[in-house]
Amino acid sequence: MRRRALWGEKPEKPTGWWSFSSGTLRSPGESSLSPFHAMASAKTYVTKFKSFVILFFAPILLLPLIILVPDKVCVQYMTDTNMLFLGSLIVATAVERWELHKRIALRMLLFVGTKPSRLMLGFMFVTAFLSMWISNTATTAMMIPIVEAMLEQMVATNVAVDASQRTMELLDKNKASELPGSQVVFEDPSVQKQEDEETKNMYKAMNLCVCYAASIGGTATLTGTGPNVVLLGQMQELFPDSKDVMNFASWFAFALPNMLLMLVMAWLWLLCFYMRPNLKKTCICCGRKKKDTEKIASKVLYEEYRKLGPLSYAECNVLFCFGLLIILWFSRDPGFMPGWLSIAWIEGNTKHVTDATVAIFVAILLFIVPSQKPKFNFSRQTEEERKTPFYPPPLLNWKVTQEKVPWGIVLLLGGGFAMAKGCETSGLSEWMARQMEPLSSVRPAIITLILSCIVAMTTECTSNVATTTLFLPIFASMARSIGIHPLYVMIPCTLSASLAFMLPVATPPNAIVFAYGHLKVIDMVKTGLVMNILGIASVFLSVNTWGRAVFNLDKFPDWANLTHINT
């Protein structure tokens, strides 16, 4: 054989590979584990020292003893921002329950094609799109088994093709005595080593592209990742007069181009770093004939899509509710034209409907819309059918919602908002901001670049939600004290909190990918360091170009209550 079965070797760390058909994680000599148990095992060491969600109840106990009355503290756990996040989590739960995300992923992958470079780009775009609406952890957990199954089939096909080619060469040279079965054919060890290295690099690139895309994709929507939700909450808390400066539509207009830019740069970086020897062969512009491996990859995707069967009634209803949510979010108050909010829900400067109202409305619909088509033809129903309830089960019930929604994140956000309120009321944020007043002599662009680097380094070791909760009130007060637009500092730092690419413990998607054993820590550090640099550069470019136009960052806003200074 010209190529060894790499997945048959014992990895340096305990690991396994996904059997996509059975949905289990198998290792030599080990019993099967369910995917969720595998995820839990992968994340055990990550969460061992980070199980501090319960600590975010501490503000309810401690802040009233110091400065705030209890009702001022407790209200922070159920703010408008928390309701927006909760509503989006419930919608994501419905999408996951009926496997609509899996159908979308496979359909899009079949569309982009199966050349290695196209396949990587396809996996990244699909993962990023799903991560915009559901959690990056769930997205990674769903996409990685597809990647593993495809790579396993592609490598096995390469082995078969190489053996076949070798056989044909021997037949052409009339060396039948050297055919497999009579004696073993030896080849140049350096060639075999190079091919094995290329295969390992493909595994690394395909695995890293998924976890990177999951982290990048969540930045495009307000509810896609925790730091974005924290930013929205801090804006409403620290600057109540900012009205609707930041909503779903305005954030999407700014963050989507930035997300696409980061995604393309990540793809090019992984392609050059891990697949550089085959760059010409993997170029999407190359018009080469499909290889057997590409046909196998296409076949694997098609078989998995075929297993889903036709689009079910429940999937259609979930898709309708999901589409309704997005349409209502974008059309509520688009900014460039009056939205449906202006019809009856504005009274003076007060807006009675927010993005959270839309999210909760669609979440409630999921508990009402049926998962099966109701049968109205009572005369033709059998005795058994008449015994069943007339109205079918809804798309969601409370039992499923209670099990699937990550309630800890909601408490985490609430505790963070309570701590931010305590820092503001006590004057701690203002005091720390005054210590940064010497920065007023530095150009604002340099300030944002330095602060982005600090946040990006910090988020590698701590939760991204905790990082933004800690830094945003301080940065907001600093911006007010030195006279620059608060969002000019807060937006780059929020996006930088999602640039956790270097370490397995930095974010759950990294941990899930690392658990498969194809990557070493040094691999993640080397590629992640460059990814952090590219991410910071992309954020810096976005904020200083179209970000200025979307949020009017050149002028200090009246709602920040300071004198006007250009940035």
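Numbers here simply count residues along the sequence, with the first being 1.
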Exercise for the section: On the 0 to 90° scale, with breaks at 30° and 60°, tag the F322-W133 ring pair as parallel, tilted or perpendicular. Expected result: perpendicular
Practice task
Could you tell me the separation between the OG1 atom of T79 and the CZ atom of F85, rounded to the nearest 0.5 Å?
Solution key: 11.5 Å
Problem - Spacing of CG belonging to D80 relative to CD1 belonging to I360, to within rounding of 0.5 Å - result: 9.5 Å
Problem - Criterion side-chain hydrogen bond (donor to acceptor under 3.5 Å, both in side chains) against E460, the qualifying member of N510, N532, T507 - result: N532
Practice task
Is it possible for you to check whether R332 lies under 6.0 Å from the centre of the six-membered ring of F248, through NZ or CZ, and within 45° of that ring's axis?
Solution key: no
Quick one: does any side-chain atom of [X] pair with a main-chain N or O of [Y] as donor and acceptor, under 3.5 Å?
X    : Y    : value
S131 : A214 : yes
W329 : D355 : yes
R97  : L395 : yes
W251 : T219 : yes
N464 : S498 : no
S538 : L534 : no
T459 : V455 : no
T357 : T354 : yes
W407 : Q402 : yes
T225 : N228 : no

Find out whether [X] and [Y] are in side-chain contact, i.e. whether some heavy atom of one side chain is under 4.5 Å from a heavy atom of the other.
X    : Y    : result
E315 : L319 : no
L119 : M124 : no
W546 : P257 : yes
C211 : I512 : no
I536 : C453 : yes
L451 : M478 : yes

Any idea which heavy atoms bring [X] and [Y] closest together, and the distance?
X    : Y    : answer
G547 : F254 : CA-CD1, 3.6 Å
V465 : G226 : CG2-CA, 3.7 Å
S88  : A359 : N-CB, 4.2 Å
V362 : C321 : CG1-O, 3.5 Å
I146 : M142 : CG1-O, 3.7 Å
L222 : V229 : O-CG2, 3.3 Å

Practice task
Report the C-alpha separation of T468 and Q234 in whole Å, then their side-chain angles, then the decisive distance to 0.1 Å, and conclude whether the side chain to side chain contact (heavy atoms under 4.5 Å, CB included) test is met.
Solution key: CA-CA 10 Å; T468 48; Q234 297 289 5; over 6 Å; no
Practice task
Ignoring hydrogens and angles, state whether a donor on the side chain of Y212 or N207 is under 3.5 Å from an acceptor on the partner side chain.
Solution key: no
Handout entry: Pair N136, T139: side-chain N/O donor-acceptor within cut-off below 3.5 Å
Key = no
Handout entry: Trace of the side chain to side chain contact (heavy atoms under 4.5 Å, CB included) decision for V543 with T448
Key = CA-CA 10 Å; V543 171; T448 60; 5.9 Å; no
Practice task
Determine, stepwise, if the pair Y274 / D523 fulfils side chain to side chain donor-acceptor pair (under 3.5 Å).
Solution key: CA-CA 10 Å; Y274 285 111; D523 294 324; 4.5 Å; no
